[in-house]
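Report on the structure given below.
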Protein chains: 2
Amino acid sequence: MTSRVEPAVAAGRLHLHDLHPSLGDPALLSMNFLNEVANRFPDAVSFAPGRPSEAGFDVADLHRYLDRFCDHLARDLHYDDERVRRTLFQYGRTKGVIHHLIARNLAVDEGIEVDPESIVVTVGCQEALFLTLRALRADERDAVLAVSPTYVGLTGAARLLDMPVLPVREDGTGVDLDDLRAKIGTARQAGVRPRALYLVPDFSNPAGVSLSAATRRELLRVAADEGVLLLEDNPYGLFSADGTHPPTLKALDTERGVVYLGSLAKTCFPGARIGFAVADQRVVAADGTESLFADELSKVKSMLTVNTSPVSQAVAAGKLLEHDGSLLRASAREAEIYRKNLARVLDGLRQRFAGVPTVSWNTPAGGFFVVVTVPFAADDTLLEHSARRHGVLWTPMSHFYEGDGGRTQLRLACSSLTPSEIDEGLDRLAALVHERLAVG
Amino acid sequence: MTSRVEPAVAAGRLHLHDLHPSLGDPALLSMNFLNEVANRFPDAVSFAPGRPSEAGFDVADLHRYLDRFCDHLARDLHYDDERVRRTLFQYGRTKGVIHHLIARNLAVDEGIEVDPESIVVTVGCQEALFLTLRALRADERDAVLAVSPTYVGLTGAARLLDMPVLPVREDGTGVDLDDLRAKIGTARQAGVRPRALYLVPDFSNPAGVSLSAATRRELLRVAADEGVLLLEDNPYGLFSADGTHPPTLKALDTERGVVYLGSLAKTCFPGARIGFAVADQRVVAADGTESLFADELSKVKSMLTVNTSPVSQAVAAGKLLEHDGSLLRASAREAEIYRKNLARVLDGLRQRFAGVPTVSWNTPAGGFFVVVTVPFAADDTLLEHSARRHGVLWTPMSHFYEGDGGRTQLRLACSSLTPSEIDEGLDRLAALVHERLAVG
């Protein structure tokens, strides 16, 4: 506390250094920078955004989904007309009104059995992440661990809360468990409390890496031993290349050590902005009374967004209901597109770079992302050049690291392109790479 | 920083004292308590929630609004079909897609002329409040002033950010300007930076008080002199008893000293969850570059909810478009209900308590709320008794104070009751009051 005080505003002007430090932080600026480049080069082929395919978008669906949800309220839940109307139009339950349908979805698609009361329906998975970190950041000692490279949404949410993110190495198995133990130990010796480890166990963003079933079990053991929660973010789990994936951490979680962060953005559609947290941990108060962790997250939500729009929930619910709760079935067409696109990108990389020993890439078992390693800096400057001269966009991997990892790596997202765009984009990428190699 | 460190979770159990202190704070618990009482006594007449009337709810409207917005995108903005679909289904602009329609609404209904780029469309007004406080809370010196009694959503959002709320007295004019100056001075002497003053200038929640035009102008001058922003929250402005209201602070704001926090919950419907911030202040970075404060709020939003559901935005937009941008026209029927209900509550109080000198109430010029003062504690215990024995619910004013104001006051919300429910509810309230007076 210093005694230096200034006016907050003078002549309609504020100063950035008087605003929250997150506003000048690379984690928040990176999103802006990437969007801004994309906007300036609208004709570039873009491997940048991890957006879902737009092939299935149809406005008529929204009307049908809305009616389907109203039918469900009337027929299955026996609501009268007035209550149906109130459910859609009025303020509503903070934890949401489609929690029972999400619980059914988790059982059908993932074999996860949870009490619907332990589900909080959120404004996208991002809000679920924020609620969880807000609850876990009790004071300045609390930090969150994250497998590195890390989804920028985790880093950004942590920045809003001044919560340190402690990176944990990824060693090819999805998470280096020795490094996890070491990081926890080091943190505790410094008086820091690592409350949870954040990761995307299936086809991670940005690295495209997945944990084997054995690694998942081992991770659950280590987390339980160390007393840290696991925050499992699973936006891509249904999009495996061969139609299978190991059980989620939550499906294997017999001790309520996992908070499952769900997103319907890729399996339903992003515009619904529906995500959720499964938080079935018990929270014990000083007087011995217990609550669900979901109810604590709900308290935070009541002061953040009050409740998730029931109109948005209704359209997501309609899609769930049309497919008997299965998002695997609901997104079968998109999954096929993603499988073909991923194969085409991997084939295309092989065709163009098989003879270039200094260029390599990983082979994800599914999802949206491939990481390419090159023998030169793949940074923001090169991205700008790539967009301007070669008409191709991608994401520098450095945006996903605390510190300076990923300097010579780039992320290719292959979810929202057509086959011919992929071919053209890879040709342009090859031109960029060969230009740099010639300079190099 | 202490060296005491504990596991975050053990056997699926967390401890409340290891979670963020807001979760045990009265501001967050009060909402839960009030909801819980309401749920336990569903047959009570409830003067508790400030909910809009449900008379106009019709599911067919949602379909029509959605189509109207799509027509607007196609005809007025010349989007092709693919872009219309993408606007509704895909990830979208963080600041929203109906900002131009909100700007038009502000011009039509409030005489507020703002660049649409200075508008951030949010998940209800609560998110707008949170974004603003997050940006303004740069470090532990920063506090927010609030006219007391205060809407619990402001207090709750501040608690999530560990941001002190400094109460400013209300002296019958809507805000005691001498106390405002004094509180700012005292805070600064203690090294605290009061960044902004939060208030509801029209028919405030909870007090039902409005600022005169003269007081508004004087407040703008004081705020400019002192260098604090004004956070103007205006959910009820269109619901005046006589059809008129003084200009909003933002309409009078020639120096960009006001952040206007808008809600469509009462003028459109709560289930759309659409609010917004008008933040036209310039933000100056260390290198001299400038941005709009709205763009800084947008950065925060990108890590909180990413963007507001375009489906929700579309239904709100449809209602705006159907009424040529006027929410005054769109909510004319509801406004008439609120006027009649407010008059009926005031008449009813007169009929029942005119001969009881120790019972008094204010006479709001509009809005949803009346405050009744009684000669006994109107606390949570009495509310429970009132619900159980007399079948009538209301809100203890003490929930809206930091410290112990409002102990003998109760808030009556008259927005969502029928005339006969109001009469019955006031009869029951009279029975409670006379019982307490007899106990005396």
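The structure displayed is predicted, hence computed values, not measured ones.
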Counting distance only, does the side-chain N/O of [X] pair as donor-acceptor with the main-chain N or O of [Y] below 3.5 Å?
| X | Y | result |
| --- | --- | --- |
| B/Gln126 | A/Met303 | yes |
| A/Gln281 | B/Ala10 | no |
| B/Arg273 | A/Thr305 | yes |
| B/Arg195 | A/Asp18 | yes |
| B/Glu127 | A/Val306 | no |
| A/Lys299 | B/Leu28 | no |

Counting only non-hydrogen atoms closer than 4.5 Å, does [X] touch chain B with its backbone (N, CA, C, O), its side chain (CB onward), both, or neither?
| X | value |
| --- | --- |
| A/Ala135 | both |
| A/Ala27 | backbone |
| A/Lys266 | side chain |
| A/Thr308 | backbone |

Could you report the tightest heavy-atom contact between A/Ala138 and B/Pro21, atom names first, then the distance?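 Smallest heavy-atom distance, with atoms named: O-CD, 3.4 Å.
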Grab the two heavy atoms, one from B/Tyr91 and one from A/Pro52, that are nearest each other, plus how far apart they are.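 Residues B/Tyr91 and A/Pro52, closest heavy atoms: CE1-CD, 3.9 Å.
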To the nearest 0.5 Å, what is the distance between [atom1] on [X] and [atom2] on [Y]?
| X | Y | atom1 | atom2 | value |
| --- | --- | --- | --- | --- |
| B/Arg256 | A/Leu14 | CZ | CG | 9.5 Å |
| B/Leu23 | A/Leu297 | CG | CG | 8.0 Å |
| B/His15 | A/Glu290 | NE2 | CD | 9.0 Å |
| A/Asp139 | B/His20 | CG | NE2 | 9.0 Å |
| B/Cys70 | A/Leu62 | SG | CG | 7.5 Å |

Counting only heavy atoms not in A/Asp81, do more than 12 fall under 6.0 Å of its CG?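 It does not: A/Asp81 CG has 12 such atoms or fewer within range.
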Find the one option among [options] whose heavy-atom pairs under 4.5 Å with chain B are most numerous.
| options | value |
| --- | --- |
| A/Ala314, A/Ser416, A/Gly124, A/Ser312 | A/Ser312 |
| A/Gly156, A/Ser309, A/Ala157 | A/Ser309 |
| A/Ser298, A/Ala285, A/Gly271 | A/Gly271 |

Given side chains that start at C-beta, do those of A/Leu19 and B/Phe293 come closer than 4.5 Å, heavy atoms only?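 A side-chain contact under 4.5 Å exists here.
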Within-4.5 Å side-chain heavy-atom neighbours: B/Tyr65 and A/Val311: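 Result no, sub-4.5 Å side-chain heavy-atom pair not found.
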Step by step, would you call B/Val284 with A/Leu16 a side-chain contact (heavy atoms from CB on, under 4.5 Å)? CA-CA 6 Å; B/Val284 187; A/Leu16 192 57; over 6 Å; no
Who wins among [options] for the most heavy-atom pairs under 4.5 Å with chain A?
| options | answer |
| --- | --- |
| B/Val59, B/Leu304, B/Val123 | B/Leu304 |
| B/Asp295, B/Asp61, B/Asn307, B/Leu66 | B/Asn307 |
| B/Val315, B/Leu154, B/Thr155, B/Asp67 | B/Asp67 |
| B/Glu296, B/Gln313, B/Glu255 | B/Glu296 |
| B/Arg51, B/Arg159, B/Glu82, B/His63 | B/His63 |

Report the relative orientation of the aromatic rings in A/Phe89 and B/Phe57; use parallel for angles under 30°, tilted for 30 to 60°, perpendicular for over 60°.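 Answer is parallel, since the angle falls under 30°.
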For B/Leu131, is it the side chain, the backbone, both, or neither that has a heavy atom closer than 4.5 Å to a heavy atom of chain A?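 B/Leu131 has no heavy atom closer than 4.5 Å to chain A.
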For B/Glu54 and A/Arg85, what are the C-alpha separation, side-chain angles and deciding distance, and is it a salt bridge (charged side-chain N to carboxylate O under 4.0 Å, His left out)? CA-CA 8 Å; B/Glu54 300 180 353; A/Arg85 288 194 297 271; over 6 Å; no
